[in-house]
Amino acid sequence: MKAAVMREANKPLTIEEVTISKPGPREVLVRLKAIGVCHSDVHFWDGNFPAEMPVILGHESAGVVEQVGSMVTAVKPGDHVISILSPFCGVCEYCLTGHMSVCHTVNGAQFKRGPDEAPRLSIGKERVGQFLNLSSFAEQILVHENALCAIDKDMPMDRACLIGCGVITGVGSVFHSAQVEPGSTVAVVGCGGVGLAAINGAAIAGASRIIAVDLSDEKLQLAVRFGATDVVNPSKVNAIEAVKELTKGGVHYSFECVGLKKTAEQAYHMLRPRGVATIIGMISPGVNIEIPGIELLVTEKRLQGAVMGSNRFRIDFPRFVELYRQGKLHLDDLISDRIGLDGITAAMQNLKDNKGTVARQVVVLD
């Protein structure tokens, strides 16, 4: 198969012929039809996060099942599926208490092939790293069955793939992690693909006021289409003061969708007493967030993280498809451009440059 291979940080990906193995007992081979280019990929491409190389990046994908292993029960050949980077085992403490999105962080080894087994991906005798158990910048993926969810075949693949990361992260964090209530107030810091999904989710949840915060006026205009009632550009005003003025004291819920120390702290300070700030952005290793400790005691504000929207993806994905059909989930508006495999490097550079017109760029395959 053809795949976009990363051999060095901050260098163009090369389109190479890669050998993909046959499915093991609980593995599934999927022919990809659409792949979203996510800012999380950029964090590894630019070297901010470590990755074994050579590696195939990509993790937001949808396609058609081609082959299944002998023990696979979740999907069958011909099924249309969405992938996710947070597979679950179904038997650990986190799965059994309804927190399956955390499972892969403590049980990750069981979703991979061992060092003594033939690699899933290779180029000649060279082992190729599988990124986040997926490696979706390719024509095919070979993954554990619990990294996939079957969906209705009439769902367009270029929209479906977005559900697998950006949408579940943004909307899921609103629904599951923060549990935004109808009539409450919300601030979303960062209006890229994930931030726009969080805004969309807050609107679906019935928030009365949704404040979009971003340095790009273009992204703020887009945020209004997703449900923002107010916009704040921190380059023009003090964002914390503006949010507090709009809400007479601060929001009930804030979401940080950038991944920076400064914006994480801003999201916390935008809260009213008993407010909840949810950190969604990928904050670099070694970076600490500083907040006044006494406030946690006297105001009962809360600061929390959320991985992949605290998802239950085999329940969430079909529901999100239905919300899209009803016109409530604005997946069409998320797509900024459709490209081929050879356009991925430029797409990641667009995200790194923070171009205001870019929400989600989608690779479309035949």
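Values below: all heavy atoms of this structure, side chains included; hydrogens, waters and symmetry mates excluded.
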For residues 103-111, run the donor-acceptor check on the side chains, cut-off 3.5 Å, and write out each pair with its distance to 0.1 Å, sequence neighbours left out.
from	atom 1	to	atom 2	distance (Å)
His104	ND1	Ser101	O	3.0
Thr105	OG1	Val102	O	2.6

Expected output: side-chain [X] to main-chain [Y] donor-acceptor under 3.5 Å:
X	Y	value
Arg312	Met100	no
Trp45	Ser40	no
Arg272	Thr247	yes
Thr263	Glu256	no
Ser254	Ala267	yes
Asp342	Ala4	no
Glu145	Val75	no
Ser208	Ser184	yes
Gln179	Glu181	no
Glu295	His269	no

Does Ile35 share a hydrophobic cluster with Ile339, counting links as ILVMFWY side-chain heavy atoms below 4.5 Å and allowing steps through other members?
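The answer is yes; both residues are in one hydrophobic cluster.
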Contacts table for residues 279-293: side-chain donor-acceptor under 3.5 angstrom, sequence neighbours left out:
from	atom 1	to	atom 2	distance (Å)
Ser284	OG	Asn48	OD1	3.3
Ser284	OG	Asn48	ND2	2.7
Glu290	OE2	Lys261	NZ	2.8

May I ask you to decide if the ring planes of His39 and His43 are parallel, tilted or perpendicular, using 30° and 60° as cut-offs?
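It falls in the tilted class, 30° to 60°.
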Side chains of [X] and [Y], donor plus acceptor under 3.5 Å:
X	Y	result
Ser216	Asp214	no
His176	Asn311	no
Thr185	His252	yes
Ser135	Arg120	no
Asn238	Lys244	no

Distance from Cys149 atom SG to Ile84 atom CD1, nearest 0.5 Å?
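Rounded to the nearest 0.5 Å, the SG-CD1 separation comes out at 9.0 Å.
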Salt-bridged, [X] to [Y], with N to O below 4.0 Å?
X	Y	answer
Lys2	Glu17	yes
Glu322	Arg325	yes
Arg319	Asp316	no

Pairwise side-chain contact, Lys112 with Gln130, heavy-atom cut-off 4.5 Å (strictly under)
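Counting from C-beta outward, Lys112 and Gln130 never come under 4.5 Å.
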Does atom CE of Met71 have more than 12 heavy-atom neighbours, drawn from other residues, nucleotides or ligands, at distances under 6.0 Å?
no
Ignoring hydrogens and angles, write down the donor-acceptor pairs under 3.5 Å from the side chains of residues 358-366, residues two or more places apart or on other chains.
from	atom 1	to	atom 2	distance (Å)
Arg360	NE	Glu60	OE1	2.9
Arg360	NE	Glu60	OE2	3.4
Arg360	NH2	Glu60	OE2	3.1
Gln361	OE1	Asn350	ND2	2.9
Gln361	NE2	Ala347	O	2.9

